[in-house]
Each structure stands twice: as C-alpha cells, then as structure tokens.
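A short write-up of the structure that comes next.
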There are 2 protein chains.
Amino acid sequence: MDSPRTTETGTRNRTRRAILRAAASVLARQRTATLADIARAAEVNRSTVHRYFADRDDLIRAAVDDSVEAIGRSVEEAGIHEGPAAEAMRRLVLAHLNVGDRLMFLFGDRHTMRRYGVVEPEKPPPDPMIDLIERGQADGVFDPDLDPQWIQHVLWSLVYAGIEEVDRGRMSRHSVAATVVRTLENGIRTRPR
Amino acid sequence: MDSPRTTETGTRNRTRRAILRAAASVLARQRTATLADIARAAEVNRSTVHRYFADRDDLIRAAVDDSVEAIGRSVEEAGIHEGPAAEAMRRLVLAHLNVGDRLMFLFGDRHTMRRYGVVEPEKPPPDPMIDLIERGQADGVFDPDLDPQWIQHVLWSLVYAGIEEVDRGRMSRHSVAATVVRTLENGIRTRPR
DNA sequence: CTACTGTGCGACATCAGTGTCGCATATTGA
DNA sequence: TCAATATGCGACACTGATGTCGCACAGTAG
C-alpha cells in the first residue's frame with residue numbers, strides 16, 4: 001500500500017517492515033545503536049539489512065518516512081475534524097500514544113529530523129491538529145492566550161512523558177491516556193468544581 | 001569548588017568547564033556528535049580534550065556529573081521548601097529553564113543516564129521536588145489524583161518543550177517561563193473564572 | 001517435488017572516529 | 001623578562017562499525 005516497492009512479495013514486505021519497526025524502536029531509545037543492534041531487534045541477520053537498505057543513512061531515512069506515515073495514519077484515524085473539540089483532542093492523544101515509538105524516534109533527537117527527514121516548513125504531523133486547536137480556542141474550550149503551536153508541542157511532550165512512564169512500567173497503557181488527557185486539559189492545579 | 005581537581009589552576013578549570021558545557025550542549029542536540037564536534041564548540045583542539053579526559057566515555061561521564069550538579073544547584077537556589085506551593089513551583093520551573101541544556105543532555109536520551117550516570121534508584125533531581133508536590137497536594141493546590149512522580153515528569157516535559165521553543169526562536173526566554181507555568185497549572189483548557 | 005527466492009553465516013576490506021605522541025608556539029604567573 | 005604551564009597542530013596507530021561478497025541452507029510458490 002504505502003511501500004514504494006509495491007511489486008515486493010509479501011515475505012519481503014514483512015521483513016522490510018520488521019526492520020523499519022526495529023530501527024525506530026531501537027533508535028528511539030539509543031541514538032547510537034548499531035546496525036547489528038537493529039538487526040537483532042528485527043530478528044534478521046545484519047547482511048539482510050544490507051539487502052533492503054543501501055546503507056545506514058538509507059535505513060534511517062526510510063524509518064523516518066515510515067514513522068511519519070504511521071503517525072499521519074494514526075492521527076487521520078482519530079478523525080479530529082469531527083465532533084466537539086475536547087472529544088477530538090482526547091482521540092488525538094490516544095492516536096499519538098498508539099505510535100509512541102515512532103514519536104520517540106522522530107522527535108527524541110532533533111538531529112534525526114534535520115538530517116534525515118522532512119524539512120522544518122513541512123510539519124510532519126498535519127495541519128488538522130492546528131485546525132482542531134484553533135477550532136477549540138474559537139469555541140472557548142481551549143485557552144485562547146496560548147499559541148496553537150505551543151499547545152501542539154505540549155500535547156507531544158505529555159504524550160512522550162506518558163510513553164516513557166509506560167516504558168518504565170510505572171503506568172499501564174490503559175491508565176496513561178486518561179492521565180495524559182487529564183493533565184493536558186487541567187494542568188496540575190486542583191481544578192475548582 | 002565542586003571540581004574533583006581543586007588544585008587545578010584557574011586556566012585549567014576554565015578550559016575543563018568549557019569542554020563540559022560544550023559536551024552537554026552539543027550532545028543534547030546530537031547524540032552522535034564526535035569529540036571533534038565537542039572540541040569545536042568548546043573552542044579547543046581535539047587533543048586538548050584528551051588532556052583533560054581519558055577518553056570519550058570519561059568525558060560523557062564527567063558531563064553527566066557536572067550536569068547533575070548544575071541542575072541540583074539551580075533547583076536548590078529556587079528554595080522550593082519555602083513559601084506557598086504554587087509560588088515555589090513557579091520558581092522551580094524557572095530553575096529548570098535556567099539549566100535547559102543540561103536537562104536536554106541528561107534526559108533527551110535515556111541511554112545517557114543508564115550508561116553513564118546515576119542509577120535509577122537515586123533520582124538525579126532531589127526529593128525536595130516530590131516533597132513540594134506532595135505539600136501542594138496536601139494543601140489542595142495540586143491535583144491529588146495525579147501521581148507526584150508523574151507531575152514531576154510533566155514539569156520536565158513542559159520545561160523541555162519550552163527550551164525547544166526558545167532554541168527555535170519561536171519564544172523568548174522571557175515569555176517561556178510564564179507560558180510553561182500557565183500550561184503546567186491550567187492545562188490547555190480555558191479555565192473558568 | 002522442484003525451482004526460485006530469501007536469508008544466515010562469516011570472512012574481508014574500508015573508513016570514520018578515537019587515542020597517542022612529540023614539537024613548536026601561546027599564555028600565564030612570578 | 002623569564003620559566004613554567006597550557007595548547008594547537010598534525011601525523012600515526014588502533015578500533016569498532018559498516019559495507020561487500022559468496023556459499024550453503026531455509027522457506028515459499030507453482
């Protein structure tokens with residue numbers, strides 16, 4: 001579907017995807033990981049990685065593209081242009097939590113995006129997020145005094161923090177979404193009722 | 001004062017500190033930066049780095065220790081055990097923003113802390129932060145339904161996001177503290193007045 | 001069952017980064 | 001001013017990671 005090599009067999013496609021997922025996952029946690037590390041995580045031989053990707057740079061670039069697509073799809077499936085802004089924001093948080101590894105990989109080190117990926121003017125996550133935020137601000141649901149891009153970055157930061165909590169076993173995948181949403185909406189101050 | 005080599009001359013001390021600061025700053029933004037990159041940022045020759053640190057590992061370890069100390073000092077100067085919890089939290093945010101590079105260096109890649117630094121049970125930033133959060137929760141100022149450690153991570157995440165905004169020139173150092181505090185306290189939802 | 005595709009294995013060459021070294025020069029402190 | 005300290009420079013050796021290659025075997029599709 002999204003693979004540039006759509007004439008690939010199912011077997012090759014699966015191997016390629018396993019390598020890309022492993023690359024994002026391993027590099028998200030250790031930027032200096034070797035090709036051997038990635039191959040191990042993908043459960044293939046190092047030479048197999050070379051059969052799919054010309055070199056290390058090629059692999060990382062492909063992993064960046066793949067991650068951008070995975071995040072884009074997850075965000076699209078959240079359908080944030082529909083429904084009340086607060087509900088849509090909650091679906092957005094879930095969508096991001098579902099692609100936690102890719103987010104950590106893409107944004108954990110700004111060098112990755114600068115060297116391998118989309119250039120700054122093109123925002124990897126699509127404008128619909130900013131649209132949602134602006135819609136919510138117009139509706140009086142989101143704080144109009146906060147810059148929409150800042151809100152977007154806050155969202156990512158909290159999702160990121162949530163993913164790390166889950167990774168460390170300090171929070172369940174089930175409870176993290178609620179906690180992230182609660183903190184995103186209310187902050188840490190006790191909300192007067 | 002805190003340098004293990006207190007018999008060092010002022011010149012040597014200054015050179016050592018320049019290298020450590022450059023290490024934290026450069027590695028915060030590019031985990032795979034070389035010793036040559038760090039030396040360039042410190043405005044010394046690469047061989048000079050070797051005169052101060054046995055090898056790359058030694059330098060990174062020293063940079064971790066130095067960063068932990070710098071953050072600890074900044075947090076200590078915030079005097080968060082004094083005054084109302086909300087005020088103390090604001091000073092804490094400022095304290096963290098003041099050591100932004102070190103935070104990005106230490107926590108931008110979990111591998112750094114795991115391999116070079118303090119082990120998990122010893123929390124690099126001191127317990128007083130958790131004490132402050134619990135104090136605020138007891139006083140009804142902070143949300144008692146949020147885990148104190150989660151609140152601490154949220155604080156770091158937002159500080160981190162703020163530092164990146166400043167780095168990208170999208171926010172001034174002056175306004176970032178207010179924005180971080182506002183978002184930390186209120187979240188993104190419009191707060192009813 | 002067979003032919004084709006895909007992969008593991010391991011050896012080998014290359015290369016970027018690191019670590020070492022000695023010398024000349026710059027800087028600093030007495 | 002001079003001696004001691006600090007540093008830049010660049011050459012060189014070493015090391016780990018990468019990239020290439022060919023062969024044998026595993027897996028898959030017809």
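Computed from a predicted model, the values in this text were never measured in an experiment. Proteins get letters first, then strands, A, B, ... in listed order; numbering begins at 1 in each.
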* **For DNA chain D, the residues among residues 33-44 of chain B that have a non-hydrogen atom under 4.0 Å from it** => B/E43, B/V44
* To do: List for me each residue that meets side-chain hydrogen bond (donor to acceptor under 3.5 Å, both in side chains) alongside B/S25, sequence neighbours excluded, and say none if there are none.
  => B/D101
* Start with the C-alpha distance between A/F53 and A/R61, add both sets of side-chain angles, then the distance that settles side chain to side chain contact (heavy atoms under 4.5 Å, CB included), and finish with yes or no. => CA-CA 10 Å; A/F53 304 97; A/R61 205 162 271 128; over 6 Å; no
* Asked: Could you give the CZ-to-C1' distance, from A/R12 to C/dT7, as a whole number of Å?
  -> 10 Å
* Return the 5'-most residue of the pair B/R46, B/T15 with respect to DNA chain D, ranking by each residue's nearest nucleotide. => B/T15
* Structure fact -> Atom CZ of A/R56 and atom P of D/dG16 are separated, to the nearest Å, by 17 Å
* Structure fact -> Contacts of B/R90 meeting side-chain hydrogen bond (donor to acceptor under 3.5 Å, both in side chains) (sequence neighbours excluded), chain-then-number -> B/E87, B/E185
* To do: Could I get the full list of side-chain contact (heavy atoms from CB on, under 4.5 Å) partners for A/L94, not counting sequence neighbours?
  => A/A177
* **side-chain contact (heavy atoms from CB on, under 4.5 Å) against B/D131, all qualifying residues, sequence neighbours excluded** => B/E134
* To do: May I have the distance from A/D55 (atom CG) to C/dT14 (atom P), rounded to whole angstrom?
  => 18 Å
* To do: Begin from the C-alpha positions of A/R102 and A/L20 and carry the test side chain to side chain contact (heavy atoms under 4.5 Å, CB included) through to its verdict.
  => CA-CA 10 Å; A/R102 315 312 185 91; A/L20 288 173; over 6 Å; no
* To do: Any chance you could measure A/I60, atom CD1, to A/S67, atom OG, to the nearest 0.5 Å?
  => 11.0 Å
* Nearest-Å distance, CG (A/D58) to P (D/dA17)? -> 21 Å
* Among C/dG6, C/dG19, C/dG8, which is the nearest nucleotide to the side chain of A/Y52? -> C/dG6
* Would you say B/R170 and A/H153 make side-chain contact, with heavy atoms under 4.5 Å? -> yes
* About how many Å separate CG of A/L103 and OG of A/S157, when rounded to the nearest 0.5 Å? -> 10.5 Å
* Which whole-number value in Å describes the distance from B/H50 NE2 to D/dG10 P? -> 16 Å
* Quantified as the angle between the terminal helix axes (five pairs each), what is the overall bend of the helix from C/dC1-D/dG30 to C/dA30-D/dT1 to 10 degrees? -> 40°
* Asked: Looking at residues at least two apart in the chain, or sitting in another chain, which of them share a side-chain hydrogen bond (donor to acceptor under 3.5 Å, both in side chains) with B/T183?
  -> A/W150
* side-chain contact (heavy atoms from CB on, under 4.5 Å) with B/R135: which residues, sequence neighbours excluded? -> B/A88, B/L132, B/D139
* Could you run down nucleotides 21-30 of chain D 5' to 3' and tag each one B, S or - for protein heavy-atom contact under 4.0 Å? -> BB--------
* **side-chain contact (heavy atoms from CB on, under 4.5 Å) partners of A/R182, counting only residues at least two apart** => A/N186, B/D143, B/D145, B/L146
* **By side-chain hydrogen bond (donor to acceptor under 3.5 Å, both in side chains) - contacts of B/D55 (at least two apart)** => none
* To do: Output the residues of residues 18-26 of chain B in contact with DNA chain C, where contact means a heavy atom of the residue under 4.0 Å from an atom of the strand; sort by number or write none.
  => none
* To do: Show your working on side chain to side chain contact (heavy atoms under 4.5 Å, CB included) between A/R12 and A/R17 and close with a plain yes or no.
  => CA-CA 9 Å; A/R12 267 190 81 84; A/R17 297 204 152 283; over 6 Å; no
* To do: Check whether any side-chain N or O of A/N45 sits under 4.0 Å from OP1 or OP2 of C/dT7, and answer yes or no.
  => no
* **B/R16 CZ to D/dT7 P, straight-line distance once rounded to whole Å** => 11 Å
